2 protein chains.
Amino acid sequence: MADPQARLEQMLAKLKSRNFRLTPQRLAVLQILAASTNHPSVEDIYEEVKQVFPTTSLATIYKTVSLLKEIHEVLEIRFTDSSRFDGNKPYPHPHILCLRCGRVLDPELPGVDQLVAAAAACSGYQIVDHRLNFYGICPDCQ
Amino acid sequence: MADPQARLEQMLAKLKSRNFRLTPQRLAVLQILAASTNHPSVEDIYEEVKQVFPTTSLATIYKTVSLLKEIHEVLEIRFTDSSRFDGNKPYPHPHILCLRCGRVLDPELPGVDQLVAAAAACSGYQIVDHRLNFYGICPDCQ
DNA sequence: ATTAAAAGGAGAATGATTATTTATTAATAT
DNA sequence: ATATTAATAAATAATCATTCTCCTTTTAAT
Ligand SMILES: [Mn+2]
Ligand SMILES: [Mn+2]
Ligand SMILES: [Zn+2]
Ligand SMILES: [Zn+2]
């Protein structure tokens, strides 16, 4: 994972370049996403933002995260119950979810690009996105 | 894809061995899943069953599909909007979804087992399941 | 045929996500 | 600075796939 501060600057620059405004609530969401390594849910972000801005609405978190998705500064990973978000690697990459504690991490897998290429080749599809999700029990929960 | 009739027999045998009852509605759902190659949604199955048993409830389709999932005779693939089901290969395998027409097919990809093994090795997780989904535009829609 | 358990049908409830409406706030012009 | 305008936040209603509840019907075993 890169430096949270540098990552935050990137996000801020993108927001600015697209002429979106920087509000305190947005900044709070950006900071959480830039700093977190645990793939937080909307609810997770909400709880954290509320500590600083208690009147914040859940819808604001949804809208901010949705905006960040549009400008490709956050990746949404849909799991069975709800979505989790990665603000550090806002492009498709593999994930592993612990079915017991919910921990999500990024495995460093070789050959992902080849796999995508193979999928395109054998199907004839133009592939624009992918989700590679693994489910299991993390070392702590075993 | 294997012979639909043989696949149906397998499903029926599993139902019987687990002492689940065979009802006309269930048989209809099994037949659809055993014969289909297009990864139908619950709604798709519902529309087809209704042609034979017009009073069938949507909840019955949900319950039947859920039962089949429990006994590992169908695979659920969750996409953004709704789930699709594979009754022919009821075990994890890659899928490609066309974002325009919704077509889902099974790419024959090499190296999937190695990828799962690599994910387990580098993370320490005990992996019990996975979803490898690719999104793009199918040849017909390009 | 009887019986007990399982399954079906209808519609209400759930819950994550979206949309809508109204109120603030910030940017720009005058 | 003040007014004008547009963007954004907050609150809350609506959506929609899925699940649940309650009651009736069917199944399969005796
Ligand atoms: Mn990640
Ligand atoms: Mn399949
Ligand atoms: Zn765990
Ligand atoms: Zn298509």
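Letters A, B, ... are given to chains in the order of the sequence lines, protein chains preceding strands, and every chain is numbered from 1. Values below: all heavy atoms of this structure, side chains included; hydrogens, waters and symmetry mates excluded. Quick caveat: nothing in here was measured; it's all calculated off a predicted structure.
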Student: What I want to find out is whether B:Arg131 reaches B:Asp129 closely enough, with some N-O distance under 4.0 Å, to be called a salt bridge.
Tutor: yes
Student: D:dA11 P sits how many Å from A:Lys63 NZ, rounded?
Tutor: 11 Å
Student: Take atom CG of B:Leu22 and atom P of D:dA29, then tell me their distance rounded to the nearest Å.
Tutor: 12 Å
Student: Within this structure, what is the CD-to-P distance between B:Glu76 and D:dT19, rounded to whole angstrom?
Tutor: 8 Å
Student: To the nearest Å, how far apart are A:Asp44 CG and C:dT17 P?
Tutor: 12 Å
Student: Would you confirm whether A:Ser66, through its side chain, and A:Lys63, through its main-chain N or O, come within 3.5 Å as a donor-acceptor pair?
Tutor: no
Student: Distance alone, cut at 3.5 Å: any donor-acceptor contact between the side chains of B:Gln5 and B:Glu9?
Tutor: yes
Student: Taking atom C1' of D:dT12 as reference, at what distance in whole Å does atom CD1 of A:Ile61 sit?
Tutor: 16 Å
Student: Quick one: sort the B:His93 and B:His39 rings into parallel, tilted or perpendicular, breaks at 30° and 60°.
Tutor: tilted
Student: Going by number, which of residues 49-58 of chain B have a non-hydrogen atom under 4.0 Å from DNA chain C?
Tutor: B:Thr55, B:Thr56, B:Ser57
Student: If the threshold is 4.0 Å, N to carboxylate O, is there a salt bridge linking A:Lys16 and A:Glu73?
Tutor: no
Student: Check whether any side-chain heavy atom of B:Val29 sits under 4.5 Å from a side-chain heavy atom of B:Gln25, and report yes or no.
Tutor: no
Student: I want to confirm an ordering. Mapping B:Pro24 and B:Asp81 to their closest nucleotides on DNA chain D, which one lands closer to the 5' end?
Tutor: B:Asp81
Student: Of A:Phe20 and B:Arg21, whose nearest nucleotide on DNA chain D comes first from the 5' end?
Tutor: A:Phe20
Student: Over all strands shown, is A:Ser83 touching base, sugar-phosphate only, or nothing at heavy-atom distances under 4.0 angstrom?
Tutor: sugar-phosphate
Student: Rounding to a whole Å, what distance do you find between B:Leu12:CG and D:dA28:C1'?
Tutor: 16 Å
Student: Answer yes or no: does a side-chain N or O of B:Gln25 lie under 4.0 Å from OP1 or OP2 of C:dG9?
Tutor: yes
Student: Taking the side chain of B:Ala59 as heavy atoms from C-beta outward, which of D:dA9, C:dG11, C:dA7 is closest to it?
Tutor: C:dG11
Student: Under 4.0 Å from OP1 or OP2 of C:dG9: is there any side-chain N or O of B:Thr60 that close?
Tutor: yes
Student: Where the side chain of B:Tyr62 is defined as all heavy atoms beyond and including C-beta, which of D:dT8, C:dG8, D:dT18 is the nearest nucleotide?
Tutor: D:dT18
Student: What integer distance in Å separates B:Arg26:CZ from C:dA6:P?
Tutor: 11 Å
Student: Establish, from distance only, whether the side-chain atoms of A:His95 and A:Asp106 form a donor-acceptor pair under 3.5 Å.
Tutor: yes
Student: CG of B:Leu15 versus C1' of C:dA6: gap in Å, rounded?
Tutor: 13 Å
